[in-house]
Amino acid sequence: MLSLKYIQENQEEAIKALKIKNFDAREIIGTIINLDEKRKANQSELDATQAEMNSLSKEIGNLFKSGKTEKANLAKAKTVELKETISELSSESNSILTNLRDLLLQIPNIPHPSVPAGKGEEDNIIVKTLGEIPTLSKNALPHWELAKKYNLIDFELGNKITGAGFPLYRGKGAKLQRALINFFLDLNRDAGYEEVIPPLVVNEESGYGTGQLPDKEGQMYHVTEDNLYLIPTAEVPITNIYRDVILNAEDFPIKNTAYSACFRREAGSYGKDVRGLNRLHQFDKVEIVQIQHPEKSYAALEVMVAHVESIIKKLELPYRLLRLCGGDTSFTSALTFDFEVYSAAQDKWLEVSSVSNFESYQANRLKLRFKEKNSKKTQLAHTLNGSALALPRIVAALLENNQTPEGIRIPKALIPYTGFDIID
RNA sequence: GGAGAGAUGGCAGAGUGGUCGAAUGCGGUGGUCUUGAAAACCAUUGUACUGCAAGGUACCGGGGGUUCGAAUCCCUCUCUCUCCGCCA
């Protein structure tokens, strides 16, 4: 969430910027500022009353000690009114505080000045398109047919065991998953990211920390009996490592990578682009996360984008890089770049990575702060993350683009990981 | 799942109703001493809100209660540890 201080100091700017995200903030920001005025007034009154109470209590204690019981009892009578005032003021203060937080949680992150206006995907800016679009023979197959033909993925079995969107990988299909995961993790490690294996299930607090809650409650599988959530991305557990942490400026950058299975309910998205591997309830992804100094986060974002790009290049897939418009940039992100690979038989661009700078938006929720050397003051850190990479759509493109009459060719860089150079 | 114990500052660990934001030790930071270092000694060392400042207020796992006054007593939730059971 945005910090109150930022909103107060940049009211008009914020309202203007949020229009890029198609969010009309004028009313809510007005309410917040009024509420905060109330909060301050209420708080200082509470503090003063509390102070009076404290000194009176001390006095009573001393009176009792020195045996002046009557005087003490007299003083005690005075506390009755004070107590009542305190309980009124503090319950009011509590309700103001929760109210304020609820409102703050409703405001999306401020988009970076470079984010173009726009409603949806059609307004995203194509930064570049690279790689050769393969020409397939006219009897080329989409990946779900290829997966069946070569016995790589069994969608029906997944359906039987669990339900739609939970495919079962087998044989070379399973090995390909494992190869890609190791390939990605190794490249991320070489780029300086420390590998972690996080829990796949998180508590409510973690969900709030990275912004999945309350905005995207319906997107996560909820284990109600224990009030835990299946992670929709490793971003959630990794970033929450740093919840409630105060770092030193010299700790930056913090870089973590993790493979995890990801679980998404995808409620409401049935019927659209859901064939095969295009959209699943459970999928594999390798994620990268950085915690950065505010002055260096955009430089870090660029490096992250370049890193993801280098991985896609190694896979020899045609791709394009998009700068997302306001309407497509997520609630919590300030600036997001998407990578899409071209899946030839479907003739579709598929999103395989999303790299974002959240600035201090998550950090504020997480209470992730740092101190400059020789400074006592804490400030909010910046968080960034990106997919490096999401597997299913990479697999879709690999299968479709590399199909030949002899079988499916494996890109050179991946062969040491798969142990085979063709699927036949 | 059953029985018991516990949760205090960066860490260890005291504190069982007032003078406790909290002893002491370790660690951190600054300094004295030293050619340099170590040792020793001195000082300092949590977070947040509020205020120009001095200061004030809150926080001893979370929430609630008793009391003039709670780290300390009561209720409740969460978590951790030990033993037993079950188990990859």
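Quantities reported herein were computed from a predicted structural model and do not represent experimental measurements. Chain letters run A, B, ... following the sequence lines, proteins first, then strands; residues in each count from 1.
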Examine A/F252 together with A/F370 and report whether their ring centres are nearer than 6.0 Å. yes
Taking only the P atom of each, what is the distance from B/G28 to B/U78 in whole angstrom? 39 Å
So, does the side chain of A/K377 form a donor-acceptor pair with the base of B/U47 at under 3.5 Å? no
Look at A/T378 and B/A48 and indicate whether a side-chain polar atom (N or O) is within less than 4.0 Å of OP1 or OP2. yes
To the nearest Å, how far apart are A/D47 CG and B/C49 P? 13 Å
Could you please name the option among B/G51, B/C68, B/U57 that lies closest to any side-chain atom of A/K40? B/G51
Who does B/A88 pair with, Watson-Crick or G-U, both distances under 3.5 Å? none
State whether A/E205 and A/R243 are salt-bridged, where the test is any N-O pair (Lys NZ or Arg NE/NH1/NH2 against Asp/Glu carboxylate O) under 4.0 Å. yes
Can you tell me if A/K83 touches the phosphate of B/G69, counting only side-chain N or O atoms and a distance under 4.0 Å to OP1 or OP2? yes
No-hydrogen, no-angle side-chain donor-acceptor test under 3.5 Å, A/H382 and A/Q292: no
Whole angstrom is fine here: how far is it from CD1 in A/I86 over to P in B/U66? 14 Å
Where the side chain of A/F64 is concerned, which of B/G18, B/U50, B/U57 is the nearest nucleotide? B/G18
Is there a Watson-Crick or G-U wobble partner for B/A38 with both distances under 3.5 Å, and which nucleotide is it? none
Start with the C-alpha distance between A/L168 and A/I161, add both sets of side-chain angles, then the distance that settles side chain to side chain contact (heavy atoms under 4.5 Å, CB included), and finish with yes or no. CA-CA 9 Å; A/L168 181 134; A/I161 299 166; 3.8 Å; yes
Assign A/A51 to base, sugar-phosphate, or nothing according to its heavy-atom contacts below 4.0 angstrom with the strands shown. sugar-phosphate
Nearest to the A/N54 side chain among B/U57, B/G69, B/G18, which nucleotide is it? B/U57
Have a look at A/L46 and say if it touches a base, only the backbone sugar-phosphate, or nothing, with a 4.0 Å heavy-atom cut-off. nothing
The Watson-Crick or G-U wobble partner of B/A53, with both key distances under 3.5 Å, is none
Is the shortest side-chain N/O distance from A/R369 to OP1 or OP2 of B/U47 below 4.0 Å? no
For nucleotides B/U8 and B/G4, find the distance between their C1' atoms and express it as a whole number of Å. 22 Å
Could you measure between the two P atoms, the one in B/U24 and the one in B/U45, and give it in whole Å? 13 Å
OP1 or OP2 of B/G69 under 4.0 Å from side-chain N/O of A/K76: no
Whole-angstrom distance between B/G17 and B/C86, as gauged at atom P: 45 Å
Nearest-nucleotide 5' precedence on RNA chain B, A/N62 against A/S44: A/N62
Distance check, C1' atoms only: B/A48 and B/A39, in whole angstrom units. 39 Å
For the residue pair A/T336 and A/S333, confirm or rule out a side-chain donor-acceptor distance under 3.5 Å. yes
Base-pairing mate for B/A58 - Watson-Crick or G-U, with both contacts under 3.5 Å: B/U47
In this structure, how many angstroms lie between the P atom of B/A70 and the CD1 atom of A/I60, rounded? 12 Å
Partner nucleotide, any strand, of B/G25 [Watson-Crick/G-U, under 3.5 Å]: B/C11
Return the value, rounded to whole Å, for the distance between atom NZ of A/K5 and atom P of B/G51. 12 Å
For atom P, what is the distance between B/G9 and B/G2, given to the nearest Å? 30 Å
Just the rounded figure in Å: distance from P of B/U50 to CG of A/L89. 17 Å
Spacing of the C1' atoms in B/G55 and B/G64 (rounded, Å): 31 Å
Using whole Å, report how far NZ of A/K371 lies from C1' of B/U47. 8 Å
Taking only the side-chain heavy atoms of A/Q50 (C-beta and beyond), determine which of B/C49, B/U47, B/A58 contains the nearest atom. B/A58
What's the NZ-C1' distance between A/K367 and B/A48, to the nearest Å? 10 Å
Is it true that A/K255 and A/E194 have a side-chain N and a carboxylate O under 4.0 angstrom from each other? no
Applying a 4.0 Å non-hydrogen cut-off, can you work out what A/S57 is touching in the nucleic acid: base, sugar-phosphate, or nothing? base
Check: A/Q346/A/N278 side-chain N/O donor and acceptor closer than 3.5 Å: yes
Applying a 3.5 Å limit to both distances, which nucleotide forms a Watson-Crick or G-U wobble pair with B/U82? B/A3
On a whole-Å scale, what distance lies between the C1' atoms belonging to B/G27 and B/C11? 7 Å
Contacts of A/K58 and A/A48 projected onto RNA chain B by closest heavy atom; the upstream (5') one is A/K58
Looking only at side chains, do A/D154 and A/Y169 share a donor and an acceptor under 3.5 Å apart? no
B/G69 -> Watson-Crick or G-U wobble partner, both distances under 3.5 Å, gives none
Could you tell me how far apart A/E204 (CD) and B/C77 (P) are, to the nearest whole angstrom? 17 Å
Base-pairing mate for B/U19 - Watson-Crick or G-U, with both contacts under 3.5 Å: none
